[in-house]
Asker: 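Quick one: structure below, then a few questions.
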Amino acid sequence: MDTNVDNRINILLVDDEEGFRQTMAKRLSRRDMVVSQASDGRTCMEILKKTVVDVVILDVKMPGINGIETLKTIKQKYKNKVQVILLTGNAAVNDGIEGIKAGAFDYLTKPVEIDHLENKIRQAHETILFEIQKQKEREYRLNLEKKMINTERLASLGTMSTGIAHEINNPLAIINESAGFMKQVIQSPEMDSFLQKNDLLKGIEKIEKSVKRARKITFQLLGHVKRQEESIGDCNVRALIEETLNLLKKELEDKQINIRWDMDPEKTTIWSDPYKIRQVLMNLLTNAVHATDKNGFITISASIVKDDLILHIKDTGVGIPKEDLSRIFDPFFTTKSFDKGTGLGLFVAHKIVDTLNGDINVESELGKWTCFTVRLPNYTKNGNRTDDIKGR
Ligand SMILES: Nc1ncnc2c1ncn2[C@@H]1O[C@H](COP(=O)(O)OP(=O)(O)OP(=O)(O)O)[C@@H](O)[C@H]1O
Ligand SMILES: [Mg+2]
C-alpha cells in the first residue's frame, strides 16, 4: 500500500452497522475527505492492501475479528503509515486504553461528535505527514553521508596516488633507458655467441612491457593534474565527442559499432574546460567501445537542463554486475587483462567531473547495457560560477 501525500485525507470506515457507516461517510466526504467503507476486519485488511488509506476509523465491537485484533494486524503491517482511531461503546473505556497500548492514535466513544472526529482525523494525518518528512530526512542524511564518505575516500586516495605517480616517473624513466641500453648491447654481433641471449632479450621485453603499463598508470593519474594548457571557454561538447570518436575510429570500425546521436547540436555548448571534458569523454567512450560486441550500439545523448549539460553515454555491451557497480570508480579496479586496463579511467573521470562541480553516475543491466550519466555545470561568463571551479 502506498502512502498518500496529497492534501485530501483518505479514510477507511470500519463498522458493522451499515446505517452508521453511511451517515458518517456522507458527513466526512462533505469535509473534503475520501472515504472507503468496510463492514468487518477482514474486508478492512483487503481494502488496505489495495487502496491508499491514511486513517482507519475502527469500531471495537464487531462480529468476527474484533476491532482490537484488527488494530494489531494493521499496526503490525503498516506501522505509522496508517493511523487508527477506535470507536468504543459508552461504557467501554478499557477497550480504548487497550487500543492505545496496541498503537491506536486515539479512541472516541459513541455517539460520535463529528467536529471532534474531524479534529482527531486531521491530527492523526499530521503525524503521518510528520513521519514521512522525518523518513525523507533520514534517507537524505544517509545518502549524503554515504556520498561524503565515498568522495573523501576518493579524494584522499587521489592525493596520495598522484604524489606516488609523480615520484615513480623518474625511476621509471631510468629503468626504461637502462633496459633500452641493455637491449642494444645484447643485440650487438659480439653477443651472438652468448647462449642465453634470447632469454635475456625476453626478460628485457618483459621489463619494457611493465614500464609501459606503469607509465600508462602515471599518465592517467597525472593527466588531470598537469593540464596541457590552462583553458576555460566555450566548449562544444558535441564537437569534443566527435574528436574523441575519431581517435577511437579504428576500434569502432573493427567492431562495426553503430553510433547513435540524440541531441540538438545547437544546444551542446557550455562554458567549461574542454581539456578536462575531453579526457572524461575519452575514458568513458573507450570503456563503451571495449564493452560493446561486434555490431553493437553506442547512443550518445545530450541536453541542457537549467544551467547544466546532461550527457548520457549508453552502450549495448556486456554490462556491469551489481556487486561491481559500487567499485568501478575505485582506483585500480579493473576486470581487464594486464595489458588492456589499469582500472584508472573511471577514477580519473570521476575526479575531473568532481573538480568541475558536476557528477557522474552509472546504471547497468548485466549482459544488456550500461549507461553513464554526466552532469556538467555551465560556468557562465558573467556569473561568478567560473571562480567556483575547484582548484582554479
Ligand atoms: N561501459 C562499460 N561496460 C561494462 N563495464 C564497464 C564499462 N565501463 C567500465 N566498466 C567496468 O569498470 C571497470 C573499471 O573501468 P576503468 O575505466 O576505471 O578501468 P579500465 O577500463 O579497466 O582500465 P583503464 O585504466 O585502461 O581505463 C572496467 O574494468 C570494467 O569492468
Ligand atoms: Mg577504462
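We count ligands from 1, going down the list as the structure has it; atoms in each ligand are counted the same way.
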Asker: Are Ile257 and Asn295 side-chain neighbours, meaning at least one heavy-atom pair lies under 4.5 Å?
Answerer: no
Asker: Do any pairs count as a side-chain hydrogen bond (donor to acceptor under 3.5 Å, both in side chains) and have a residue in residues 182-192, sequence neighbours left out, and if so which ones?
Answerer: Lys183-Glu208, Asp192-Lys197
Asker: Determine whether His312 and Ser301 satisfy the following criterion, side-chain hydrogen bond (donor to acceptor under 3.5 Å, both in side chains), listing intermediate values before the conclusion.
Answerer: CA-CA 5 Å; His312 299 284; Ser301 56; 4.7 Å; no
Asker: Considering only heavy atoms from C-beta outward, does the side chain of Leu346 approach that of Asp330 to under 4.5 Å?
Answerer: no
Asker: So which protein N/O/S atoms does the Mg ion (ligand 2) have within less than 2.8 Å?
Answerer: Asn287 OD1
Asker: Output the distance between atom CG (Leu376) and atom CG (Leu309), rounded to the nearest 0.5 Å.
Answerer: 6.0 Å
Asker: With respect to Arg375, which candidate in Asp307, Asp354, Asp359 satisfies the salt bridge (Lys or Arg N to Asp or Glu O under 4.0 Å) definition?
Answerer: Asp359
Asker: Quick one: table the atom pairs, ligand 1 N or O against protein N or O, below 3.5 Å, distance rounded to 0.1 Å.
Answerer:
unit_1	atom_1	unit_2	atom_2	d
ligand 1	1 (N)	Asp315	OD2	2.9
ligand 1	8 (N)	Asn287	ND2	3.4
ligand 1	17 (O)	Asn287	OD1	3.1
ligand 1	17 (O)	Asn287	ND2	2.8
ligand 1	17 (O)	Leu346	N	3.4
ligand 1	18 (O)	Gly345	N	3.4
ligand 1	18 (O)	Leu346	N	2.8
ligand 1	21 (O)	Asn287	OD1	2.9
ligand 1	21 (O)	Lys336	NZ	2.7
ligand 1	22 (O)	Thr334	OG1	2.5
ligand 1	23 (O)	Thr342	N	3.1
ligand 1	23 (O)	Gly343	N	3.0
ligand 1	25 (O)	Thr342	N	3.3
ligand 1	25 (O)	Thr342	OG1	2.4
ligand 1	25 (O)	Gly343	N	3.0
ligand 1	25 (O)	Leu344	N	2.9
ligand 1	25 (O)	Gly345	N	3.2
ligand 1	26 (O)	Lys216	NZ	3.3
ligand 1	26 (O)	Thr342	N	3.4
ligand 1	27 (O)	Gly345	N	3.4
ligand 1	29 (O)	Thr334	OG1	3.3
ligand 1	29 (O)	Thr335	N	2.9
ligand 1	29 (O)	Thr335	OG1	3.3
ligand 1	31 (O)	Thr335	OG1	2.4

Asker: Evaluate Gln83 against Thr127 for side-chain hydrogen bond (donor to acceptor under 3.5 Å, both in side chains), listing each step before the verdict.
Answerer: CA-CA 8 Å; Gln83 291 293 357; Thr127 66; 3.1 Å; yes
Asker: If a pair satisfies salt bridge (charged side-chain N to carboxylate O under 4.0 Å, His left out) and one of its residues is in residues 314-325, list it, with sequence neighbours excluded.
Answerer: Asp324-Arg327
Asker: Could you go step by step and tell me if Asn287 and Lys336 meet the side-chain hydrogen bond (donor to acceptor under 3.5 Å, both in side chains) rule?
Answerer: CA-CA 10 Å; Asn287 283 346; Lys336 296 175 189 171; 3.2 Å; yes
